[in-house]
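These notes concern the structure reproduced below.
What you see below is based on every heavy atom in this structure, not just the backbone, and it leaves out hydrogens, waters and symmetry mates. The first residue of the sequence shown is numbered 1, and numbering continues consecutively from there. A quick note: this is a predicted structure, and the numbers were derived from the prediction, not measured.
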Amino acid sequence: MGLTATAKGLTDETGFDCGYITFGVYRQKVAYAYNKEIGRLYEKPYKDFFFKEYTDEEIKRWNEICNDDLDIFLNHSDCDGKFTPEECKKIYHAMKGLKVDMQGHNYGVMKPYDMHEHWLNIFKHCYTRGVNLYFQ
């Protein structure tokens with residue numbers, strides 16, 4: 001069980017089909033690559049089983065330093081929903097300059113790839129072709 005991200009024109013190899021944990025780790029690495037403080041805040045619910053909610057001060061700080069376009073990706077449901085081509089373009093531009101070191105693979109294909117490059121390609125595919133990216 002995991003996340004499948006699909007869009008018209010993506011294949012089993014060029015889309016995303018992997019576990020929720022892998023995707024969660026990737027988003028944590030993206031958050032850290034953007035800003036260490038954002039990374040620490042973002043990982044709190046992953047590290048604390050009893051995490052309930054962010055404090056008002058943490059929310060205020062997040063809003064002061066996090067890019068709104070990166071927020072679209074970091075705070076999106078990891079199990080359903082969609083990104084529009086416009087959102088994909090914003091996310092792509094917010095993430096393209098980040099250095100994220102993580103290897104990934106898709107179920108069924110099991111060919112290793114650079115996770116960050118793979119997601120950038122997915123977002124670019126969707127915004128240049130004007131197609132939605134669906135999370136299932």
- Message: Does either side chain, that of Y32 or that of E43, offer a donor lying less than 3.5 Å from an acceptor on the other one?
- Response: yes
- Where does the angle between the aromatic ring planes of F123 and F73 fall among parallel (under 30°), tilted (30 to 60°) and perpendicular (over 60°)? perpendicular
- Item | side chain to side chain contact (heavy atoms under 4.5 Å, CB included) against E37, all qualifying residues, sequence neighbours excluded | N35, R40, R61, I65
- Query: Does the side chain of L3 reach to within under 4.5 Å of the side chain of C18, using non-hydrogen atoms?
  - Reply: no
- Message: Tell me whether the count of non-hydrogen atoms from other residues, nucleotides or ligands lying under 6.0 Å of CD in E64 goes above 12.
- Response: yes
- Message: Could you tell me if the side chain of L120 sits less than 4.5 Å from the side chain of K124, heavy atoms only?
- Response: no
- Who passes side chain to side chain contact (heavy atoms under 4.5 Å, CB included) against D48, sequence neighbours left out? F50, F51
- Task: Measure the spacing between CG of N106 and NZ of K111 and express it to the nearest 0.5 Å.
- Result: 10.5 Å
- Message: Main chain of Q103, side chain of H116: is a donor-acceptor contact present, judged purely on distance under 3.5 Å?
- Response: no
- So do V30 and Y42 actually touch side chain to side chain, heavy atoms under 4.5 Å? no
- Relative to each other, are the rings of F23 and F16 parallel, tilted or perpendicular (30° and 60° limits)? tilted
- Qualifying residues under side chain to side chain donor-acceptor pair (under 3.5 Å), relative to H125, sequence neighbours excluded: R129
- Query: Under a 4.5 Å cut-off applied to non-hydrogen side-chain atoms, are H76 and R27 in contact?
  - Reply: yes
